[in-house]
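When reading the values below, keep in mind they use all heavy atoms of this one structure, side chains included, and skip hydrogens, waters and symmetry mates. Treat the numbers as computed from the prediction; the structure is a model and nothing was measured.
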Amino acid sequence: MKKALFVLLGVFIAASSLSAVDIFVGPKIIISDASYRGADWEARKDSENWQDRLSLSFAGGGFARLQFTPMLGMQVEALFVHQAIRMTDTDYSDYWHQWVMNSIEIPVYGRFQYDLEKFGIYALAGLDFNIFFDKYKWSDSEDNETEYSIKDSDGSLFLIGIGLGAGIIIPTDAGSLDIGLRYRTDLTTQYEDYNTYFESINIDISYGFKI
């Protein structure tokens, strides 16, 4: 009987706490420049005279944020990511080649924010989980193309990464517009015997409203 009472008390406290949490949801879009990093990748770049070149990647989806206090919250996102990584030849700068791949990314971030009256600032950090699907596509500036199924590759289709970012909060009548800059990199590698990781610099734009 006592155990049952304690369980009921715990459920009541949890429900009361959840009811006090503000929930925000909304759409999010991301524009980014992606690349590889890692010792094996750097060695390959040096041996083949490659260098990183600006590439355009994008992502879109939605987010839900639990605001526990006016300053502290947790944000979970679900994003479709179209990632392109472009390289150029150091001897022939007009020539480039790139890899393109698609994934579903699920970031889980802790978030800190501070109100400055007319606008606010925020910082976030946490883990994200990347699930690759569809095909790897390779192309170059001479219109050569090839592709193969990600399922047929020897690499992992599931990667764990981290993200760190900050930005500004612009209040509106219906919610708030967030614009920020975020760095993301993998903690796990696709190939166990090949030291290479994805990384990206991202411009995040999201609009959240309270439900």
- Angle class for the W99/H97 ring planes (parallel below 30°, perpendicular above 60°, tilted otherwise)? perpendicular
- Query: Quick one: hydrophobic cluster around W96, which other residues, with the 4.5 Å side-chain cut-off, linked directly or via members?
  - Reply: none
- Query: Should I23 and L177 be counted in the same cluster of Ile, Leu, Val, Met, Phe, Trp and Tyr side chains packed under 4.5 Å apart?
  - Reply: yes
- Quick one: pull up CG in L56 and NE2 in H82 and give me the separation to the nearest 0.5 Å. 8.5 Å
- Item | Donor-acceptor pair, side chain of S55 and main chain of A84, under 3.5 angstrom | yes
- Message: Ignoring hydrogens, what is the shortest heavy-atom contact between I30 and R182? Give both atom names and the distance.
- Response: CD1-NH2, 3.3 Å
- Message: Applying salt bridge (Lys or Arg N to Asp or Glu O under 4.0 Å) to K45 and D52, what does each step give before you reach the verdict?
- Response: CA-CA 9 Å; K45 284 169 59 179; D52 294 319; 3.1 Å; yes
- Query: Please, which pairs that meet salt bridge (charged side-chain N to carboxylate O under 4.0 Å, His left out) have at least one residue in residues 110-125, sequence neighbours excluded?
  - Reply: R111-D178
- Are F129 and E105 close enough, and set up right, to give a side-chain contact (heavy atoms from CB on, under 4.5 Å), and what steps lead you there? CA-CA 6 Å; F129 307 93; E105 186 175 333; over 6 Å; no
- According to a 4.5 Å side-chain heavy-atom criterion applied to Ile, Leu, Val, Met, Phe, Trp and Tyr, with indirect links allowed, do L116 and M71 form part of one hydrophobic cluster? yes
- Kindly say whether A43 contributes a backbone atom to a donor-acceptor pair with the side chain of D40 at under 3.5 angstrom? no
- Message: Just so I know, are the side chains of L157 and I131 near enough to count as touching, which here means a heavy-atom distance under 4.5 Å?
- Response: no
- Message: So, taking the atom named CG in L181 and the one named CG in N202, what distance separates them when rounded to the nearest 0.5 Å?
- Response: 8.0 Å
- Given side chains that start at C-beta, do those of Q113 and Q67 come closer than 4.5 Å, heavy atoms only? yes
- Message: To the nearest 0.5 Å, what is the distance between CD1 on I31 and CD1 on I205?
- Response: 5.5 Å
- Query: Does one hydrophobic cluster hold both L187 and Y109, with members joined at side-chain heavy-atom distances below 4.5 Å?
  - Reply: no
- Note on the structure: Residues passing the side chain to side chain donor-acceptor pair (under 3.5 Å) test with Y122, sequence neighbours excluded, are none
- Message: Side chains of E147 and W138, heavy atoms from C-beta outward: is any pair under 4.5 Å?
- Response: no
- Query: Nearest 0.5 Å, what's the OG-CD1 distance between S57 and I85?
  - Reply: 7.0 Å
- Who are the side chain to side chain donor-acceptor pair (under 3.5 Å) partners of R44, not counting sequence neighbours? E48
- Under 4.5 Å between any side-chain heavy atoms of F80 and F133, yes or no? yes
- Task: Answer yes if M87 and Y36 sit in the same cluster of Ile, Leu, Val, Met, Phe, Trp and Tyr residues linked by side chain heavy atoms under 4.5 Å apart, and no otherwise.
- Result: yes
- Query: Does E77 come within less than 4.0 Å of K28, counting only side-chain N to carboxylate O?
  - Reply: yes
- Message: Is it true that Y136 and T146 share a donor-acceptor pair across their side chains at a distance under 3.5 Å?
- Response: no
- Message: Run the side chain to side chain donor-acceptor pair (under 3.5 Å) test against D134 and tell me which residues pass, sequence neighbours left out.
- Response: N102
- For F24 and L66, what are the C-alpha separation, side-chain angles and deciding distance, and is it a side-chain contact (heavy atoms from CB on, under 4.5 Å)? CA-CA 7 Å; F24 296 83; L66 303 180; over 6 Å; no
- Task: Evaluate the side-chain proximity of L72 to F112: yes if any heavy-atom separation is below 4.5 Å, no if none is.
- Result: yes
- Message: In the structure I gave you, are the side-chain heavy atoms of D94 and T88 within less than 4.5 Å of one another anywhere?
- Response: no
- Non-hydrogen atoms of Y207 and A174 that approach each other most closely: OH-CB, 3.4 Å
- Message: Is there a side-chain contact between F58 and I29 in this structure, where contact means two heavy atoms from C-beta onward sitting under 4.5 Å apart?
- Response: no
- Item | From OG (S176) to NZ (K210), nearest 0.5 Å | 12.0 Å
- Query: For the side chain of S200 and the backbone of S32, is there at least one donor-acceptor N/O pair under 3.5 Å apart?
  - Reply: no
- Task: Please assess V25 against R65 for the test side-chain contact (heavy atoms from CB on, under 4.5 Å), listing each intermediate value before the final yes or no.
- Result: CA-CA 6 Å; V25 298; R65 187 172 79 249; over 6 Å; no
Show every donor-acceptor pair shorter than 3.5 Å between a side-chain atom in residues 158-165 and any protein atom, with sequence neighbours excluded, or say none if there are none.
none

- Between L79 and I104, does a side-chain contact (heavy atoms from CB on, under 4.5 Å) hold up when you go through it step by step? CA-CA 6 Å; L79 305 166; I104 297 298; over 6 Å; no
- Item | Heavy-atom pair of closest approach, residues A39 and N195 | N-OD1, 2.7 Å
- Would you check, one step at a time, whether the test salt bridge (Lys or Arg N to Asp or Glu O under 4.0 Å) holds for E42 with R37? CA-CA 7 Å; E42 293 300 324; R37 67 172 181 85; over 6 Å; no
- Message: Does any part of the side chain of V108, heavy atoms only, come nearer than 4.5 Å to the side chain of L127, both counted from C-beta?
- Response: no
- Can you tell me if OH on Y194 sees more than 12 non-hydrogen neighbours from other groups inside 6.0 Å? yes
- Task: Check the pair F132, F198 against ring-ring contact (aromatic ring centres under 6.0 Å, His included), reporting the backbone distance first and the verdict last.
- Result: CA-CA 12 Å; F132 289 88; F198 293 108; 5.5 Å; yes
- Should the pair W50 and W41 be assigned to parallel (<30°), tilted (30 to 60°) or perpendicular (>60°) ring geometry? tilted
- Note on the structure: Value for CD1 (I121) from CD1 (I168), rounded to nearest 0.5 Å, stands at 10.5 Å
- Task: Spell out, yes or no, whether M74 and F63 are grouped together once hydrophobic residues are joined by side-chain heavy atoms under 4.5 Å, including indirect joins.
- Result: no
